[in-house]
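Reading through the structure tokens given below for one structure.
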Amino acid sequence: MPDPAPTLVTGAAGQVGQDLLRHLVGRGVPVVAADLRPRPDGDPTLDAIPWHRLDVTAPGAVADLVGCLRPQRIFHLAAILSARGEQDPQATYRVNQTGTYNVLEACRIHGVPQCVFTSTIAVFGPGLPEVVPDDVPLHPTTMYGVTKVAGELLGAYYAQRYGLDFRGVRFPGLISASLPGGGTSDYALFMYYDGVRLGHYTAFCRPDTRIPLMYMPDAVAGLVDLALAPRTRLRRHVYNIAAFSPRADEIARSVQRALPGVRIDFEPDPERQAILDSWPRALDDTAARTDWSFRPRFDLDAMTDDLVPKVRALVHGRSAEAPSPAAAP
Ligand SMILES: NC(=O)c1ccc[n+]([C@@H]2O[C@H](COP(=O)([O-])OP(=O)(O)OC[C@H]3O[C@@H](n4cnc5c(N)ncnc54)[C@H](O)[C@@H]3O)[C@@H](O)[C@H]2O)c1
């Protein structure tokens, strides 16, 4: 019997990509990885996955790889996130907007049945209700948010015009025991990371900052559950998903419960605080829970208990001189 067509993951070397690859392998899905960056060292699961260097801004390269692999599904993750995106909005446009167009075009040209897209709470802008439903006016304030709105709309267009099965989630800020990719929700992970490494951390936000967060195992399981859900059950292309929405000082207390003696201070950075203030405080994900039974397993304290030993392992596997991670969605 011929091998089943693989699943292709773009942006595979990133914070979500690496965990998604391990999750897909764990579910027995044949997977192929692509990223601008090489395969990360030292993980036997990742070592066994075919790895392609791919720049999604190059349309020919994207079409060639997709034509050669003929995947049954593409998880399109490659992106530049919010904080880095504001340092170079032009590159962010090329990667997020043109890159997504190139991937959708490759799906159309080579008849890829499904494309799964990772959107973000950064699609929202100021003036939101306390709990934000799927359908509100989208007025993002960052290039990252603007390009993700465009990606959601482009995908819906390819679904309607060309019959592509386009699905996506709007991830909250994601937390895992890996160094994040330059987003604005990174203050939450730094409380754990620098708490273990240095015993203190100064957060770049106010203590009352509240945004939706999610632990990575729930995020990747949710993304794959959405990809595998019967299309007939889905009433939308892109879904809000939510887990918990703690204030920054509540995260600090949860960290201090697990790591007594850690000191966490708050010195808001005006630019990043303005982005955080423009995002939802909480999301309504009723449609995801109804249509494809999305159910996160971790609340804040359950995440802390699971994460702290993993951050300890991450920190102790590194040099004590290792720099603080770059300041996710
Ligand atoms: N991490 C979060 O908190 C979060 C929240 C909301 C949404 N998301 C979305 O999830 C996806 C993955 O995010 P992440 O946290 O893993 O980000 P990340 O920055 O860790 O990874 C992004 C990956 O994209 C790759 N990439 C960048 N430019 C590329 C190009 N031109 N061609 C090919 N690859 C390129 C990078 O090398 C990197 O490995 C993104 O689409 C992001 O918008 C993440």
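None of these values were measured; they are calculated from a predicted model. What you see below is based on every heavy atom in this structure, not just the backbone, and it leaves out hydrogens, waters and symmetry mates. Ligands are counted one by one from 1 in listed order, and the atoms in each one are counted from 1 as well.
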Positive for salt bridge (charged side-chain N to carboxylate O under 4.0 Å, His left out) with Asp291, one of Arg233, Arg235, Arg167
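Looking at Arg233, Arg235, Arg167, the match for Asp291 under the salt bridge (charged side-chain N to carboxylate O under 4.0 Å, His left out) is Arg235.
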
Which atom names give the shortest non-hydrogen contact between [X] and [Y], and what distance separates them?
X	Y	value
Asp35	Ala12	OD2-N, 3.1 Å
Ile241	Pro172	O-CG, 3.3 Å
Pro38	Ala13	O-CB, 4.2 Å
Glu86	Ile275	CG-CD1, 4.3 Å
Arg231	Phe166	NH1-O, 3.5 Å

Please classify the [X] to ligand 1 contact at 4.0 Å (heavy-atom distances, strictly less than): side chain, backbone, both or neither.
X	result
Ile80	neither
Ser119	backbone
Ala122	neither
Val95	side chain
Lys148	side chain

Quick check on contacts: which atoms of ligand 1 are under 4.0 angstrom from a heavy atom of [X]?
X	answer
Asp55	30 (C), 31 (N), 32 (N)
Thr118	9 (C), 10 (O), 11 (C), 40 (C), 41 (O), 43 (O)
Phe171	5 (C), 6 (C), 7 (C), 8 (N)
Gly14	16 (O), 18 (P), 20 (O), 21 (O), 39 (O)
Ala78	24 (O), 33 (C), 34 (N), 35 (C)

Please compare [options] and report which has the shortest non-hydrogen distance to [atom].
atom	options	result
atom 27 (C) of ligand 1	Ala79, Ala61, Gly173	Ala79
atom 43 (O) of ligand 1	Tyr144, Phe75, Phe117	Tyr144
atom 1 (N) of ligand 1	His76, His52, Gln15, Arg37	Gln15
atom 26 (N) of ligand 1	Leu77, Asp35, Leu20	Asp35

Side-chain donor-acceptor contact under 3.5 Å, Ser82 with Thr142:
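No, no side-chain donor-acceptor contact under 3.5 Å.
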
Please confirm whether the backbone N or O of Val56 pairs with a side-chain atom of Asn102, one donor and one acceptor, at under 3.5 Å?
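Looks like yes, one N/O pair under 3.5 Å.
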
Could you establish whether Pro172 and ligand 1 come within less than 4.0 Å of each other, counting only heavy atoms on the residue side?
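The answer is yes: ligand 1 sits under 4.0 Å from a heavy atom of Pro172.
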
Sub-4.0 Å heavy-atom approach of Leu54 to ligand 1
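It does, in that a heavy atom of Leu54 comes within the 4.0 Å cut-off of ligand 1.
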
Using side chain to side chain contact (heavy atoms under 4.5 Å, CB included) as the criterion, list what pairs up with Val29, not counting sequence neighbours.
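Partners of Val29 under the side chain to side chain contact (heavy atoms under 4.5 Å, CB included) test: Thr7, Leu24, Arg27.
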
Test item: Phe75 and Val31 side chains (from C-beta on) under 4.5 Å apart, heavy atoms:
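No, their side chains stay 4.5 Å or more apart.
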
Give a yes or no on whether Phe266 and Leu213 share a hydrophobic cluster (residues Ile, Leu, Val, Met, Phe, Trp, Tyr; joining criterion: side-chain heavy atoms under 4.5 Å apart).
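They do share one cluster, since a chain of ILVMFWY contacts under 4.5 Å joins Phe266 to Leu213.
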
What do you reckon, does Leu81 have a nitrogen or oxygen under 3.5 Å from a nitrogen or oxygen of ligand 1?
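No.
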
